[in-house]
Trainee: 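Structure incoming, see below.
Hydrogens, waters and symmetry mates are skipped; everything else that's a heavy atom, side chains included, is used. Every chain is numbered from 1, with letters handed out A, B, ... down the list of sequences.
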Amino acid sequence: MTAPTFDAGDVTLEQVREFVWEIPQEGEMGAPARVLASEALLEEISGDKTLQQLRNATHLPGITNHAICMPDGHQGYGFPVGGVGAMDAENGCISPGAVGYDINCGVRMMRTNLTYDDVKGNEEELVDSMFANIPSGLGGGGVVESGIDTVEAVLDRGVEWALEEGYAVPDDLAHCEDEGVREGADPSKVSQKAKDRGKNQLGSLGSGNHFLEVQRVTDVFDHQVGEAYGLSEEQIVVLIHCGSRGLGHQTCNDYLRRIEKQHRGLLERLPDKELAAAPAGSQLAADYYGAMNAAINFAWVNRQLVMHRTRQVFERVFDRPWEEMGMELLYDVSHNIAKKETHTVEGDERELYVHRKGATRAFPAGHPEVPAAYREVGQPVIIPGSMGAGSYVLRGGEHSMDLTFGSTAHGAGRLMSRTQAKNDYWGGDVQDDLRDQQVYVKAQSGATIAEEAPGVYKDVDEVVRVSDALGIGDKVARTFPVCNVKG
DNA sequence: ATGTTC
């Protein structure tokens, strides 16, 4: 009996067990690679360069266990979106392409004590007011117009800065990874150009797949965990998806160029220039880590300011203080980061740069880094789906540390390019179709709506089914959109 | 993703 295989052109995968596929180690690969997917998802994943990129990622120095692709994986810059790579923090490397251009792109979910009935009939006013008050789209304009000093304070202190300035309450920090302040942030390693780009973007959604969405909880699958997360059916919640804007993009670009110049030897041994990496222990590795951590703080403050402004919008539309509407942060998850973490590898404790690019940390119950309020049930994981499908709340599963360095998927994953989406869809039609489903969408341009049409995304149900079955992120609740503001 | 084509 031989294991079933999946033939994807120049890459052949062997099935290890249900939903686990392996590209065996050969040639210059430093480890095998694994894809966590159903056959249907693997079929989609094999339609672009994801598998080649995943195999290439195993050439990165110090790659540990396997390079891993999540069920929502698709091709990205050098390293797949939906990829997890843990590289030894002493003898390995750190790679900006394995973090992603949008450093700490992520999502946060805010609870409310409103129900769908409270919001029904006010959708138009709500979506118009959110659109008018929360900056979105490409270019400048944020909730806070800041100078360079403010940007540096944000880079250094993260959400702590927002707390001091009255844009946050202590609970907001408690319900964010690292309590909203990344250790090891070094603003002096972020270029002047990046800081300049960040000055007028603090508190802005940006463009592309970023959004602000009012949703209703349609299902709670796990009532015990749902209760711990404060979620119940028909409740209104708010989802905020954005990142570090031009500042993070500039930072990624700055370090890619510097690494390409200063570490040519390593670059030439890699199968793809886009995987450019700084060797662990080098000055550039330390500098990039300091700059990336600072950009992570910037993105957290960005989401915090969008949340703060959303609370103000609700106050005006529903005419009462946000505290009375129970608008508390449930949790904030990062999608594009690298982090020094200690993991057990074949019985040994190892310090690793865990790169999660389009992947979510999903720590299980009992882990000390899960906020106290959720420690008994596990870390909340938020999986945004498309405007027509809704989203999921999961909790970190008991097998995540063994299988994925404590990670799971981050979304539905794109099925087609933005260019193809604009050929296949027209924004106005998509908007009308969504309206027929009682979903109110407002965007800067019709093109954005076409690019983000529900049909351009993979089946989020199938992505979550795989995560749940593997025990890396377990299904807790499901939501459906009510109002959506896109960039 | 992105002052949307270094």
Trainee: Are A:R108 and A:Y331 in a cation-pi contact, defined as NZ or CZ under 6.0 Å from the six-membered ring centre and within 45° of the axis?
Mentor: no
Trainee: Under 4.0 angstrom, heavy atoms only, what part of the nucleic acid is A:S244 near: base, sugar-phosphate, or nothing?
Mentor: nothing
Trainee: For A:Y255, enumerate each residue passing the ring pair (Phe, Tyr, Trp, His ring centres under 6.0 Å) test, keeping only those at least two apart in sequence or located in another chain.
Mentor: A:Y288
Trainee: Taking atom P of B:dT2 as reference, at what distance in whole Å does atom CD of A:Q201 sit?
Mentor: 8 Å
Trainee: Send over the distance from A:D196 CG to B:dT2 P, rounded to a whole Å.
Mentor: 18 Å
Trainee: Quickly work out the A:R258 CZ to B:dC6 C1' distance and round it to whole Å.
Mentor: 18 Å
Trainee: Side chains of A:S38 and A:R465 only: does a donor on one sit below 3.5 Å from an acceptor on the other?
Mentor: no
Trainee: How is A:K193 classified with respect to the nucleic acid when contacts are heavy atoms under 4.0 Å: base, sugar-phosphate, or nothing?
Mentor: base
Trainee: Heavy atoms under 4.0 Å, any strand shown: does A:R418 hit a base, just sugar-phosphate, or nothing?
Mentor: sugar-phosphate
Trainee: When all nucleic acid strands are considered with a 4.0 Å heavy-atom cut-off, which category describes A:G208: base, sugar-phosphate, or nothing?
Mentor: sugar-phosphate
Trainee: Does NZ or CZ of A:K442 fall inside the cone over A:F131's six-membered ring, less than 6.0 Å from its centre and within 45° of the axis?
Mentor: yes
Trainee: Using the closest heavy atom to pick a nucleotide of DNA chain B for each, name whichever of A:S207 or A:N253 lands nearer the 5' end.
Mentor: A:S207
Trainee: Return the value, rounded to whole Å, for the distance between atom CG of A:D254 and atom P of B:dT2.
Mentor: 16 Å
Trainee: Could you tell me the separation between the OH atom of A:Y77 and the C1' atom of B:dT4, rounded to a whole number of Å?
Mentor: 17 Å
